[in-house]
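Input: a single structure, listed below in structure tokens.
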Amino acid sequence: MSKHFTLPYEGGLIDKNLPEGILHTYEKIWTHVYPESRPASYAIADIICDAINAHKDGLFRLGLTTGATPVSLYNELARRYEAGKVSFKNVEVVSIDEYYPSSAGGAQSRNRRLHDGLLDKVDILKENIHIPDGTVPQEKLGEYCAQFDALARNLDLLVIGVGEKGQVGFNEAGANEKTRTRAVRLSYNSRKRQSSNFNMDIMATPDKAITVGIGTMLTAKKIILMAWGEDKAAAVKAISEGPCTTDCPASLLQEHDHISFYVDEAAAEQLTRSVAPWLVGPCDWTPKFIRKAVVWLCQETGKPILKLTEKDYQNYGLSELLETVAKYDKINIDVFNDLQHTITGWPGGKPNSDDSTRPVSAKPFPKTVLIFSPHPDDDVISMGGTFIRLASQGHDVHVAYETSGNVAVHDDVVLQHMDCAYQLGFADKFAEVKKLVESKRPGEPEPRALLEMKGAIRRSEARGAVRSFGLNDNTNAHFLNLPFYESGGIKKNPRTQADVDIIKDLIKKLKPHMIFMAGDLADPHGTHRVCTEAALEAMEQIKEEGGNAWVKDTHVWLYRGAWMEWELGRVDMAVPLSPDEVIMKRHAIFRHLSQKDIVPFPGEDPREFWQRAEERTQNTAKLYDQLGMAEYQAIEVFLKLY
């Protein structure tokens with residue numbers, strides 16, 4: 001499937017013909033921003049292939065790493081090899097890290113992943129592959145690391161991804177610019193992240209690793225860094241524009257003379273040229289972009305919109321806005337009215353009312369509404385209040401759970417359900433299921449029978465959640481079980497037409513007036529993004545097929561997850577929630593008991609999903625209040641895609 005999801009942008013920095021030195025004014029490592037990871041990977045592949053083809057004397061020495069970041073790059077390099085555009089016969093590859101202890105053939109090893117992702121698909125000679133050996137006896141590990149360090153020095157090109165905290169390889173916070181290849185102990189949080197490769201079992205995740213050090217990396221002749229997704233945005237900001245600090249190991253690579261950074265738009269969203277492009281160069285001042293600038297100015301000055309002065313605009317680099325658009329007081333009033341018109345208590349449209357300044361039309365009423373939920377709880381976590389409001393206001397609301405969410409259920413939860421069934425007088429399957437759980441192997445897909453039980457648990461929770469606010473869980477809750485997700489492990493299958501067809505069938509059956517989808521861009525290969533791309537592909541195909549005139553009146557709205565929110569400069573609809581609706585939303589989230597307290601994917605934030613979601617929506621309400629709008633308990637906001 002070829003469709004990839006990027007967010008719409010209005011206005012922004014006019015970078016055509018802008019000198020590179022000005023474009024990268026705030027960047028200590030020049031950062032190249034692409035719409036998404038694939039074109040960025042193509043650009044990096046160009047550099048790698050050109051360098052290999054131009055190399056004449058001896059082996060071209062290439063440093064690589066594994067993980068999710070280089071997946072699209074390795075696919076492209078393999079494709080170019082198949083097309084005869086590059087050969088790896090004269091390339092020497094040095095991988096920069098490996099778990100310790102770890103066998104080369106282990107499904108979760110970096111060795112295996114690098115071979116599967118690239119090396120087994122090209123013509124590289126076996127003797128030219130150097131990957132840290134995770135089987136070296138501990139008493140010989142120091143000597144081995146010193147030998148590997150000599151191999152890893154003075155690479156012609158080093159291409160590496162960076163982690164959410166600015167890690168490179170297994171160099172975590174505290175690693176300095178003098179470090180060499182060595183064994184390191186992994187922090188608890190790092191093991192928690194890496195446990196996705198070990199069936200989410202942190203006890204099965206190695207607590208040590210071998211990694212090339214920052215000092216060794218700095219000996220490479222050229223370095224390319226990569227980062228995709230909004231969960232890398234803070235790290236990209238710190239690496240590109242922040243100080244050199246051991247708190248962010250990749251920032252120490254700023255000292256290199258020939259280094260560049262390739263990121264997608266989501267990962268670049270905290271860079272100065274994204275946050276405040278008017279500080280970098282001339283801008284295209286569309287209404288939404290003006291709103292973005294004014295909201296930023298309010299946050300910088302601590303003032304509401306209508307109290308901003310001409311001097312504020314001038315002192316904070318917005319003189320161009322005054323010179324090219326209007327006087328400051330007119331801008332203030334226009335933006336205030338524009339932002340106020342995003343607020344509505346009628347997310348499906350208010351019947352029998354003037355809708356000229358409302359985000360959603362009054363007719364038709366009631367509307368058919370379809371909410372796509374990537375996992376069986378994203379609907380209530382991300383837009384539960386709006387969901388409740390739409391249902392209570394009489395719309396025909398349907399929710400489609402795109403994936404089973406089965407891998408996010410802890411084994412203990414399954415055993416508890418089986419014990420409950422036994423206690424209620426049903427068949428005793430506890431021992432049988434326990435044996436199934438114990439048959440699992442790290443890095444291998446879970447037994448299908450166990451996944452079916454986990455999927456059933458999540459379906460029952462989702463049904464209970466929507467029943468809690470009156471939705472008919474038999475007719476209006478749809479479980480799509482998209483095939484791409486059913487790999488039995490964290491790594492998913494490729495998205496195919498089979499996924500799209502399932503979504504198409506539901507959309508064509510319901511003919512919705514409004515569709516809500518997840519707008520998260522955290523991971524190019526993550527479930528939320530894959531689900532949204534499949535749904536958008538389905539919509540495009542429906543439009544192209546003909547005979548579906550109704551689709552021209554279907555509007556797509558994007559919501560965010562539990563962690564992040566749309567910036568107010570881009571918001572098209574803001575739905576305020578009453579205190580009672582906040583409680584109803586919380587109780588709906590509580591129905592997802594398998595995700596409560598022991599949720600396997602909380603990252604480094606120890607709070608539960610409902611706590612994160614409430615803080616997010618309450619902070620949005622506070623921001624509206626600080627800008628001079630009415631004060632609400634909480635607000636859920638949405639971006640209109642079309």
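Hydrogens, waters and symmetry mates are skipped; everything else that's a heavy atom, side chains included, is used. None of these values were measured; they are calculated from a predicted model. The first residue of the sequence shown is numbered 1, and numbering continues consecutively from there.
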Test item: side-chain donor near acceptor, His417 and Asp419, under 3.5 Å: no
Gap separating the CD1 atom of Ile589 from the CD atom of Glu461, nearest 0.5 angstrom: 13.0 Å
NZ or CZ of Lys492 within 45° of Phe484 ring axis and under 6.0 Å: no
Charged N-O contact under 4.0 Å between Asp572 and Lys288: yes
Check: Phe638 ring centroid to Phe516 ring centroid under 6.0 Å: yes
Closest non-hydrogen atom pair between Pro374 and Thr403, with its separation: O-OG1, 2.7 Å
Output field: ring centroids Tyr401/Phe479 closer than 6.0 Å: yes
Tyr642 six-ring face occupied by Lys543 cation (under 6.0 Å, within 45°): yes
NZ-CG distance between Lys434 and Leu436, expressed to the nearest 0.5 angstrom: 12.0 Å
Arg463 side chain to Asn474 side chain, donor-acceptor N/O pair below 3.5 angstrom: yes
Atom pair CG (Asn548) and CD1 (Ile507), whose distance is rounded to the nearest 0.5 Å: 10.5 Å
Salt bridge present between Glu446 and Arg441 (N-O < 4.0 angstrom): no
Any side-chain heavy-atom pair of Lys440 and Asp411 under 4.5 Å: yes
Lys640: salt bridge (charged side-chain N to carboxylate O under 4.0 Å, His left out) partners, not counting sequence neighbours: none
Below 3.5 Å, can you tabulate the donor-acceptor pairs from side chains in residues 618-635 to any protein atom, sequence neighbours excluded?
{"from": "Asn619", "atom 1": "ND2", "to": "Glu615", "atom 2": "O", "distance (Å)": "3.3"}
{"from": "Thr620", "atom 1": "OG1", "to": "Arg616", "atom 2": "O", "distance (Å)": "3.0"}
{"from": "Tyr624", "atom 1": "OH", "to": "Thr342", "atom 2": "OG1", "distance (Å)": "3.0"}

Neighbour count >12 (heavy atoms, 6.0 Å) for atom NZ, Lys429: no
Intermediate values then yes/no, salt bridge (charged side-chain N to carboxylate O under 4.0 Å, His left out), Lys292 and Glu567: CA-CA 8 Å; Lys292 172 187 173 76; Glu567 60 172 292; 3.1 Å; yes
Met539 side chain near Lys504 side chain, heavy-atom distance below 4.5 Å: no
Aromatic ring proximity Trp610/Phe590, centre distance under 6.0 Å: yes
Ring centroid separation Tyr9 to Phe289 under 6.0 Å: no
Neighbour count above 12 (heavy atom, 6.0 Å) for Lys509 NZ: no
Interatomic distance, Leu482 atom CG to Thr527 atom OG1 [nearest 0.5 angstrom]: 10.0 Å
Value rounded to 0.5 Å, distance of CG in Leu415 from CE in Met453: 9.0 Å
Residue pairs passing the salt bridge (Lys or Arg N to Asp or Glu O under 4.0 Å) test where at least one lies in residues 575-590, sequence neighbours excluded: Arg389-Glu581, Lys585-Glu636, Arg586-Glu614
Nearest atoms (heavy-atom pairs only) where Gly166 meets Cys248: CA-SG, 3.8 Å
Polar side chain donor-acceptor pair, Ser187 to Glu172, under 3.5 angstrom: yes
Contacts of His513 that satisfy side chain to side chain contact (heavy atoms under 4.5 Å, CB included) - sequence neighbours left out: Pro364, Lys367, Thr368
Heavy-atom closest contact (Ala518 atom, Leu558 atom, distance): O-CD2, 4.2 Å
Nearest heavy atoms of Ala266 and Ala233, plus distance in Å: O-CB, 3.8 Å
Between His528 and Asp520: side-chain donor-acceptor atoms closer than 3.5 Å: yes
Contacts of Glu486 that satisfy side-chain hydrogen bond (donor to acceptor under 3.5 Å, both in side chains) - sequence neighbours left out: Ser404, Asn406, Arg448
Residues in side chain to side chain contact (heavy atoms under 4.5 Å, CB included) contact with Ala234, at least two apart in sequence or another chain: Gln270
Distance flag, aromatic centroids of His395 and Phe365, threshold under 6.0 Å: yes
Atom of Ala574, atom of Pro576 and distance for their closest heavy-atom approach: O-CD, 3.4 Å
Carboxylate-amine/guanidinium proximity below 4.0 Å for Asp264 and Arg38: no
Atom of Val236, atom of Ala267 and distance for their closest heavy-atom approach: CB-O, 3.4 Å
Spacing of Leu506 atom CG and Leu510 atom CG [to the nearest 0.5 Å]: 4.5 Å
